[in-house]
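Working notes for the structure below.
By convention here, the first residue in the shown sequence is residue 1.
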Amino acid sequence: MANSDFPSPSAVDSGSSTTTESSQPTVTNDSSHPFYLYPSDSPGMILFNSIFDGKSYRGWHRAVFIALSAKYKLGFIDGSITGPATSSPSFKAWNRCNDMVISWLLNSLSKEIDESVLYSKTAKEIWKELEDRFGQSNGALLYQLQKELSDLVQGNSDVVGYYTKFKRIWDELDSFDTCVYCSCECSCGGKSKSLKSQQDGRLIQFLMGLNEAYSRVKSNFLMGSPPTSINHAYSLLIQEEKQNEIRCCSTSS
């Protein structure tokens, strides 16, 4: 994501920040400026919920994008905000924010990965290093995701946990599918039919891996015409799970 709407670092030099008599910029008061830091921002802040340990890179990648976008700091990792010359009045402000983003990234990495990028000088260097090491090619990732789908069964998971595993994989697959995000008008209805077919296929995948305790509910779903939506199926399965728990409690008592 580019930061085309952000003022460039050169804008700071031209007077977008308040300056002192020594021509050194103070911290900008514009909260939408990429050099702005909130009073609550600190190097020890945990900005991302999960620690990246080498697995599920795309999920971590997505969390970083969301968090840094909210902070107007994406430019420090995608390269759209470049470091000014050390003699520039904006250098100290840029360097302060760059170090802050580095700290946030390091806080979200496991100890082993943290140590491998600790001496990188910019947030962009860390980002590129991790992308080169853990970013898979589309073909390899698609194969891995499809393999995970084919092997996925409920097992000891409850319905919520089982569905969440499916949803994570489906969302990753959708990120590769331009049809999902296409906003163009389709007069022949082909797009809606294609998406409906995809949803029906996912419903079947979801039902196939359910435990035998839900065989009656699965039969009802599969005999429905048209097939029940995934969200509707999920809702009914949650109700069935609760009823099974009540029956078990009644039997045991």
Determine the minimum heavy-atom distance between Ser80 and Gly75, stating which atoms define it. OG-CA, 3.2 Å
Mind checking whether Val160 and Trp170 sit in one hydrophobic cluster, side chains of I, L, V, M, F, W, Y counted as touching below 4.5 Å? yes
Would you say CG of Asp151 has more than 12 non-hydrogen atoms from neighbouring residues, nucleotides or ligands within 6.0 angstrom? yes
Do Val117 and Leu105 come close enough that some side-chain heavy atom pair is under 4.5 Å? no
So, taking the atom named NZ in Lys71 and the one named CE in Met100, what distance separates them when rounded to the nearest 0.5 Å? 9.0 Å
Applying side chain to side chain contact (heavy atoms under 4.5 Å, CB included), run through Phe52 and Val64 and close with a yes or a no. CA-CA 11 Å; Phe52 177 59; Val64 171; over 6 Å; no
Donor-acceptor pair, distance only, cut-off 3.5 Å: does the side chain of Lys218 make one with the backbone of Ala213? no
Point-to-point distance, once rounded to the nearest 0.5 Å, from CG of Asn95 to NZ of Lys92: 10.0 Å
When rounded to the nearest 0.5 angstrom, what distance separates CD1 in Ile113 from CD1 in Ile126? 12.0 Å
Does any part of the side chain of Ser197, heavy atoms only, come nearer than 4.5 Å to the side chain of Asp200, both counted from C-beta? no
Using the test side-chain contact (heavy atoms from CB on, under 4.5 Å), find all partners of His61 that sit at least two apart in sequence or belong to another chain. Tyr57, Phe65, Trp127, Glu131
If I compare all heavy atoms of Ser116 with all of Arg133, which pair ends up nearest, and what's the gap? OG-NH1, 2.8 Å
Evaluate the side chain to side chain contact (heavy atoms under 4.5 Å, CB included) criterion for residues Gln154 and Val159: first the C-alpha distance (whole Å), next the side-chain angles of each, then the deciding distance (0.1 Å), finally the verdict. CA-CA 8 Å; Gln154 182 180 0; Val159 172; 4.3 Å; yes
Any heavy-atom pair between the side chains of Leu149 and Leu173 that's under 4.5 Å? yes
Heavy atoms, side chains only, cut-off 4.5 Å: are Ser120 and Glu129 in contact? no
Measure the spacing between CD of Gln146 and CG of Leu141 and express it to the nearest 0.5 Å. 10.0 Å
Under 4.5 Å between side-chain heavy atoms, counting indirect links through other Ile/Leu/Val/Met/Phe/Trp/Tyr residues: same cluster for Ile102 and Tyr119 or not? yes
Can you get from Leu145 to Ile204 by hopping between Ile, Leu, Val, Met, Phe, Trp and Tyr side chains that sit under 4.5 Å apart? yes
Ile77 and Leu68, any side-chain heavy atoms less than 4.5 Å apart: yes
Minimum heavy-atom distance between Lys73 and Cys97, given as atom pair plus value: CE-SG, 4.1 Å
Do the non-hydrogen side-chain atoms of Lys124 and Val101 ever get within less than 4.5 Å of each other? no
Met208, CE atom: more than 12 neighbouring heavy atoms under 6.0 Å: no
For the pair Trp104 (side chain) and Ser42 (backbone), establish whether a donor and an acceptor sit closer than 3.5 Å, ignoring hydrogens and angles. yes
Any salt bridge linking Arg96 with Asp41? Criterion: basic side-chain nitrogen under 4.0 Å from a carboxylate oxygen. no
List the residues meeting side-chain contact (heavy atoms from CB on, under 4.5 Å) with Leu236, not counting sequence neighbours, and say none if there are none. Phe221, His232, Gln239
May I ask you to decide whether Glu148 forms a salt bridge with Lys165, counting only side-chain N to carboxylate O separations under 4.0 Å? no
Residues Asp30 and Ser32: side-chain donor-acceptor under 3.5 angstrom: yes
Scan for ring-ring contact (aromatic ring centres under 6.0 Å, His included) pairs involving residues 186-216, sequence neighbours excluded, and state none if there are none. Tyr162-Phe206, Tyr163-Phe206, Phe166-Phe206
If you count every heavy atom of other residues, nucleotides or ligands that lies below 6.0 Å from Lys128 atom NZ, does the total exceed 12? no
I need the Ser31 OG to Leu37 CG distance, nearest 0.5 Å. 12.0 Å
Got a donor-acceptor contact below 3.5 angstrom from the Ser219 side chain to the Ser215 backbone? yes
Determine, for Lys111 against Glu115, whether the closest basic-nitrogen to carboxylate-oxygen distance falls under 4.0 angstrom. yes
Aromatic rings Phe76 and Phe35: how do their planes relate, parallel, tilted or perpendicular, breaks at 30° and 60°? tilted
Would a hydrophobic clustering, with Ile, Leu, Val, Met, Phe, Trp and Tyr connected at side-chain separations under 4.5 Å, put Ile51 with Leu118? no
At what distance, to the nearest 0.5 angstrom, does OG1 of Thr122 lie from CD1 of Ile81? 12.5 Å
Pairwise side-chain contact, Leu203 with Gln199, heavy-atom cut-off 4.5 Å (strictly under): no
So, does Asn107 use its side chain to make a donor-acceptor pair with the main chain of Pro43 at under 3.5 Å? yes
Is it the case that over 12 heavy atoms from other parts of the model lie below 6.0 angstrom from the CZ atom of Arg202? yes
In terms of heavy-atom contacts, Ser40 and Met45 come closest through O-CE, 3.0 Å
Taking Pro84's backbone N and O only, do any of them form a donor-acceptor pair with Ser88's side chain (distance below 3.5 Å, no angle check)? no
Side-chain contact, heavy-atom cut-off 4.5 Å: Val153 with Leu210? no
What I want to check is whether the side chains of Arg168 and Ser56 have a donor and an acceptor closer together than 3.5 Å. no
